[in-house]
There are 2 protein chains.
Amino acid sequence: MTQRPSTAPTATRGHDDAMQNNHAFDNAEKTLEGLHAGQSLSSLFVSSTAEVVAAGKAICWEGDKANHLFQVEEGVVRLHRIIGEGRRVITAFHFAGDLIGASLQNDFLVTAEAVTECKIRRISRKSFHEEVARSNALGPAYISLLCQEAAAAHEQMGAACRRRMREERLCSFIVKLRSRRNPQPRQGLLRVPMNRQDIADHLGLTIETVSRTITKLAARNIVVPEGRHDLRIVNLARLVQLSGDADDFSENSCHRVNLH
Amino acid sequence: MTQRPSTAPTATRGHDDAMQNNHAFDNAEKTLEGLHAGQSLSSLFVSSTAEVVAAGKAICWEGDKANHLFQVEEGVVRLHRIIGEGRRVITAFHFAGDLIGASLQNDFLVTAEAVTECKIRRISRKSFHEEVARSNALGPAYISLLCQEAAAAHEQMGAACRRRMREERLCSFIVKLRSRRNPQPRQGLLRVPMNRQDIADHLGLTIETVSRTITKLAARNIVVPEGRHDLRIVNLARLVQLSGDADDFSENSCHRVNLH
DNA sequence: CGCGCTTTTGAATTATTTCAATCGGCGTGG
DNA sequence: CCACGCCGATTGAAATAATTCAAAAGCGCG
């Protein structure tokens with residue numbers, strides 16, 4: 001079932017090669033596997049042309065034939081599925097370096113949309129698999145990537161089941177955001193590219209609950225919003241603690257699907 | 001961090017070959033990939049000895065080195081993680097034919113425990129990867145399996161975010177249970193091998209909420225419990241409808257990680 | 001500087017949890 | 001064979017959390 005909202009035309013191709021590498025802030029530890037998988041699979045995309053996708057535009061649609069894989073070169077992408085009438089679940093956000101569609105076999109299971117203006121590269125599924133089959137380094141890298149993706153999905157699942165809902169979920173979300181390849185405005189500030197509705201749909205909450213929770217965290221001087229898209233992290237230790245009692249945190253919850 | 005509760009000794013080996021194939025009820029459509037992946041990967045396990053694990057005993061522990069892959073031959077296994085103090089998330093249930101540990105790279109991310117008495121087979125991760133590398137049919141099968149696992153995890157994620165929570169989640173759970181390779185007591189009855197606490201921890205609800213929801217479904221004559229471990233499905237259509245408005249349901253939510 | 005849109009805040013309603021008590025099956029021992 | 005106690009499941013009532021609907025506020029863009 002292919003359904004295209006009229007407001008979301010297909011990705012426009014462009015040739016804007018003036019990359020600004022302002023990835024100033026990236027505190028994620030990189031797993032050995034992540035690095036390995038990333039380096040080799042990234043090489044498949046270098047020869048393709050970067051496409052510019054305006055904020056809000058779709059890159060691919062749930063239900064479409066998954067003929068391409070995409071790599072986010074710059075910007076933020078949200079993946080969502082429609083469930084029931086009028087509701088949406090954002091299953092993941094993807095940042096610079098992340099691959100979209102690696103775990104697909106036939107159809108896209110999610111719609112991908114640009115949260116901010118993005119640069120993306122694409123290769124066909126066919127040539128991707130040919131390359132993976134040809135090379136003997138790419139196979140393990142691909143498998144490693146799939147395993148990371150599965151681990152991330154499991155992690156997200158766990159997060160979604162937290163009881164002390166809003167607080168835990170939101171803190172967990174903020175902490176994860178910190179560990180992504182997400183350009184930071186300036187020291188101590190965390191950029192939050194997505195709007196409140198996106199966050200709500202990702203966390204399974206309403207926009208009002210998200211807003212109220214942020215307000216409460218601000219009152220406790222843990223994180224303080226500065227404008228709509230930035231958070232000042234005042235008390236990181238407390239934030240991490242609130243995000244799910246920390247013990248197994250730094251290890252497990254930072255698995256990412258990042259190719260850089 | 002390896003922590004073994006004293007009540008959960010390691011899996012005991014056994015040789016009980018008297019399989020009773022009473023898989024009378026299995027209405028899951030099988031995807032082409034699923035069948036393919038299953039047939040070839042299953043072959044890796046046939047030479048290994050079946051081990052019998054008593055109900056409640058652990059098969060492997062979160063945090064342990066993932067030196068083996070397991071296949072459930074008979075029975076039901078639950079996978080869980082500990083989050084915060086005293087709470088548990090059951091990330092998945094595995095049934096006959098399912099593989100445990102395929103998406104792991106180093107450590108087990110979950111603890112696996114037998115819900116019912118199980119027969120399981122194991123092979124070492126090392127030889128699994130050697131076999132996959134040697135054969136040219138196994139690689140794609142393995143990748144296909146990983147993709148299915150990712151799809152299932154995504155599906156579960158979506159389910160966890162449903163708003164009209166308890167009813168939708170529980171109905172969705174019941175419907176999924178129907179499509180698993182789960183021996184049925186007799187026509188029209190659905191066996192529910194896990195207890196209420198397991199269901200609650202899987203759905204992110206309390207045991208009381210699960211119980212109340214079942215009671216309400218029974219009052220509406222949709223499913224009626226018969227004893228603790230069986231449900232009579234009275235109105236399947238309504239059940240499916242309640243489980244999340246059905247439109248994309250039969251296709252997407254039945255992806256499984258099944259090797260038969 | 002205005003307007004439109006997202007976000008925040010408020011109040012009432014609904015859903016879910018929590019705590020506590022009861023039920024019901026099942027196995028053991030008298 | 002029956003009584004007892006245990007354990008999982010159910011039910012009830014009060015407390016809490018989250019949603020809904022509605023209105024006000026604030027940011028950002030022209």
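Sequence lines set the chain letters: A, B, ... in the order given, protein chains first and strands last, and positions in each chain run from 1. The analysis underlying the following values was restricted to heavy atoms, covering all of them including side chains, and did not include hydrogens, waters or symmetry mates.
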Which distance, rounded to the nearest 0.5 Å, do you find between the CZ of R169(B) and the OG of S243(B)?
-> 14.0 Å
Measure from the side-chain N and O atoms of E62(A) to the backbone N and O of I82(A), and report whether any donor-acceptor pair falls under 3.5 Å.
-> yes
Output the single nucleotide from dA9(D), dT7(C), dA20(C) whose closest atom is nearest the side chain of E208(B).
-> dA20(C)
Any idea which heavy atoms bring A151(B) and L109(A) closest together, and the distance?
-> CB-CD1, 3.7 Å
Can you find a donor-acceptor pair, distance only, under 3.5 Å between Q197(B) side chain and dC7(D) base?
-> no
Does a side-chain N-to-carboxylate-O contact under 4.0 Å join K119(A) and E74(A)?
-> yes
Nucleotide paired to dG2(C) in any strand shown, Watson-Crick or G-U, under 3.5 Å | none
Pairing partner of dC23(C) (Watson-Crick or G-U wobble, both distances under 3.5 Å) | dG8(D)
Residues two or more places apart in sequence or in another chain: which of them pass side-chain hydrogen bond (donor to acceptor under 3.5 Å, both in side chains) with R212(B)?
-> none
Heavy atoms, side chains only, cut-off 4.5 Å: are R88(A) and D198(A) in contact?
-> yes
Name of the residue among V234(B), T215(B), L242(B) meeting side-chain contact (heavy atoms from CB on, under 4.5 Å) with R220(B) = L242(B)
Protein-nucleic acid N or O pairs under 3.5 Å, nucleotides 24-27 of chain C:
residue, atom, partner, partner atom, Å
dG24(C), N2, R228(B), NH2, 3.1

Spacing between I207(B) atom CD1 and dC7(D) atom P, to the nearest angstrom = 14 Å
Atom CZ of R87(A) and atom C1' of dT19(D) are separated, to the nearest Å, by 12 Å
Rounded to the nearest Å, what distance is computed from the NE2 atom of residue H229(B) to the P atom of nucleotide dC7(D)?
-> 16 Å
Taking only Lys NZ, Arg NE, NH1 and NH2, and the carboxylate oxygens of Asp or Glu, determine whether E168(B) and R87(A) approach each other closer than 4.0 Å.
-> yes
Specify the separation, in whole Å, of atom CG of L205(B) and atom C1' of dA17(D).
-> 14 Å
Atom CG of D198(A) to atom P of dC5(C): distance rounded to whole Å?
-> 17 Å
Can you check whether V77(B) reaches F70(B) side chain to side chain, under 4.5 Å on heavy atoms?
-> no
To the nearest Å, give me how far apart CG (D230(A)) and C1' (dT6(C)) are.
-> 15 Å
Please report, rounded to the nearest Å, how far the P atom of dG28(D) is from the CD atom of E226(A).
-> 12 Å
With a 4.0 Å heavy-atom cut-off, tell me which residues in residues 209-216 of chain B come close to DNA chain C, sorted by residue number.
-> T209(B), R212(B)
Value in whole Å for how far the C1' atom of dT17(C) lies from CD of E168(A) | 14 Å
